[in-house]
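To start, the structure under review is shown below, and the notes come after it.
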Amino acid sequence: MQSLYLKVIGPVIPQWLQLVMQLALHRLIHQRSSFFLVLHLVLEVAVYGEYSWEVFPYSLELGFRRSILLLPYILVLGKMYFFYQCCTKDPGMISPSNHKQLLKVYMYDGILYQQSHICPTCELAKPARSKHCRVCNRCVHRFDHHCVWVNNCIGALNIRYFLLYLVTLSGMAAAVGTVTVRFLIQVALMSNLHQAMYVNTDGEHVPVGILYIVQKLFLTFPRIFFMLGFTLLTFFLLAGYTAFHFYLVMTNQTSNEWYKLKNSCQCHIDNSRPDKRIWGNIYHRGIITNVKEIISPETEQKKIR
């Protein structure tokens with residue numbers, strides 16, 4: 001990928017512009033920044049602004065139930081609470097005061113987590129399932145990933161809020177998209193667009209197709225269509241991402257562990273066995289127990305296996 005960049009893009013873009021782009025990307029991706037947090041809120045305001053300005057009043061005039069129209073606003077209130085928790089809550093920072101306690105929570109698997117591994121930055125022995133976040137410059141207990149959209153790490157103490165944040169965010173996109181689609185269908189039916197006809201080259205009257213109806217509605221409500229397109233794209237991306245995280249919860253994995261293990265041997269060392277290997281995830285203790293671990297994070301002094 002880098003060689004392709006150097007051969008194709010490198011000669012076209014001036015050296016100074018490449019340097020500026022690299023510095024900007026490094027600032028946005030590899031350092032704590034409020035850019036994506038603000039961008040997230042701006043996009044949300046744009047979507048809800050269009051929904052409140054056109055979709056909501058038009059749908060109310062068409063006789064839509066008020067409870068359905070108000071659902072996106074209820075979901076955004078819940079989303080804002082979970083979003084605030086994700087942004088501000090300690091994800092599980094490991095410090096000298098809680099280090100010894102967290103060392104006893106998870107056992108080392110001998111593959112991803114070695115008992116003798118010392119964090120060179122924090123200068124502490126790394127507890128199993130922890131990771132040093134280069135963006136926040138701290139070790140995090142049961143580290144999942146660093147989320148630029150909330151400008152915080154996702155770890156043991158805030159993963160439950162992050163999951164609820166994803167669920168409510170997906171629900172917002174689904175609710176706004178559903179109401180908007182219903183509104184456009186209702187307008188098309190009331191305008192009898194589905195019964196419209198056109199004369200073809202042979203002089204015959206032929207019913208119009210779906211593309212004509214979409215084009216007509218787009219010319220009538222261009223802002224609504226742009227908002228709907230963005231909302232539907234966001235929903236499908238969020239739905240897939242949310243489903244992936246629920247899969248991780250049910251199998252007791254983190255994003256960091258899944259990424260590292262997907263192409264490697266998923267086994268751990270057990271000196272009590274002749275072959276010294278046991279296949280599978282040693283932290284997986286059943287779906288119910290895994291979910292309980294997310295709801296009530298394990299920080300007590302016992303090894304989980």
Side-chain angles (χ1 to χ4, degrees), residues 13 16-53 72-95 98 119 121-122 130-176 223 226-227 229-242 244-245 248 254-256 259 294 297:
I13 301 178
W16 66 269
L17 184 56
Q18 294 184 42
L19 180 61
V20 171
M21 292 172 60
Q22 291 175 3
L23 291 174
L25 287 175
H26 179 79
R27 178 69 181 86
L28 292 175
I29 304 299
H30 299 291
Q31 297 181 19
R32 295 200 72 178
S33 171
S34 300
F35 174 80
F36 288 100
L37 189 151
V38 174
L39 177 62
H40 165 279
L41 296 177
V42 168
L43 292 174
E44 193 171 284
V45 168
V47 169
Y48 269 80
E50 178 57 29
Y51 177 82
S52 303
W53 181 256
Y73 298 107
I74 297 173
L75 288 170
V76 77
L77 292 177
K79 193 273 317 180
M80 289 303 297
Y81 171 76
F82 298 126
F83 177 69
Y84 174 79
Q85 293 294 334
C86 289
C87 294
T88 59
K89 193 169 183 63
D90 174 19
M93 184 176 65
I94 299 173
S95 63
N98 63 8
C119 175
T121 304
C122 301
S130 68
K131 185 180 184 297
H132 186 88
C133 176
R134 291 179 298 177
V135 180
C136 297
N137 194 30
R138 59 187 177 183
C139 281
V140 177
H141 175 51
R142 199 184 185 278
F143 178 86
D144 191 271
H145 70 287
H146 180 87
C147 180
V148 297
W149 295 103
V150 301
N151 197 26
N152 197 9
C153 292
I154 304 301
L157 301 185
N158 66 351
I159 182 66
R160 60 189 184 275
Y161 297 113
F162 181 72
L163 292 171
L164 292 171
Y165 162 69
L166 290 179
V167 170
T168 49
L169 195 60
S170 302
M172 285 165 47
V176 171
R223 291 190 301 271
F226 280 117
M227 182 269 286
F230 173 77
T231 302
L232 292 180
L233 176 62
T234 302
F235 168 74
F236 287 115
L237 292 175
L238 284 172
Y241 191 60
T242 304
F244 168 69
H245 270 280
L248 294 179
T254 65
S255 299
N256 178 55
Y259 176 77
I294 296 299

Subject >> Considering all heavy atoms, the nearest Ser170-Leu238 contact >> reply: OG-CB, 3.4 Å
**OP:** Identify the two heavy atoms, one from Cys153 and one from Pro91, that lie closest to each other, and give their separation to 0.1 Å.
**Re:** O-CB, 3.4 Å
If you count every heavy atom of other residues, nucleotides or ligands that lies below 6.0 Å from [X] atom [atom1], does the total exceed 12?
X      : atom1 : result
Phe236 : CZ    : no
Tyr73  : OH    : yes
Phe244 : CZ    : yes

Do [X] and [Y] come close enough that some side-chain heavy atom pair is under 4.5 Å?
X      : Y      : value
Asn158 : Gln85  : no
Thr231 : Tyr51  : no
Phe35  : Asn151 : no

Original post:
Would you say Tyr48's side chain and Pro72's backbone share a donor-acceptor pair under 3.5 angstrom?
Top reply: yes
Subject >> Any donor-acceptor pair under 3.5 Å from Ser52 side chain to Gly49 backbone >> reply: no
**OP:** Please confirm whether His145 and Tyr259 have ring centers closer than 6.0 angstrom.
**Re:** no
Original post:
Ring centres of Phe36 and His40 under 6.0 Å apart?
Top reply: no
**OP:** Output every pair passing salt bridge (charged side-chain N to carboxylate O under 4.0 Å, His left out) with a member in residues 35-48, not counting sequence neighbours, ordered by first then second residue.
**Re:** Glu44-Lys79
Original post:
If you look only at pairs with a residue in residues 144-157, which of them pass as a salt bridge (charged side-chain N to carboxylate O under 4.0 Å, His left out), with sequence neighbours excluded?
Top reply: none
Subject >> From Ser255, Ser130, Cys133, residue fulfilling side chain to side chain contact (heavy atoms under 4.5 Å, CB included) relative to Phe143 >> reply: Cys133
**OP:** Check Phe83, Phe82, Tyr81 against Tyr165 for a ring pair (Phe, Tyr, Trp, His ring centres under 6.0 Å) and give me the one that passes.
**Re:** Phe83
Subject >> With Val167 via side-chain contact (heavy atoms from CB on, under 4.5 Å) - residues at least two apart >> reply: Thr242, Phe246
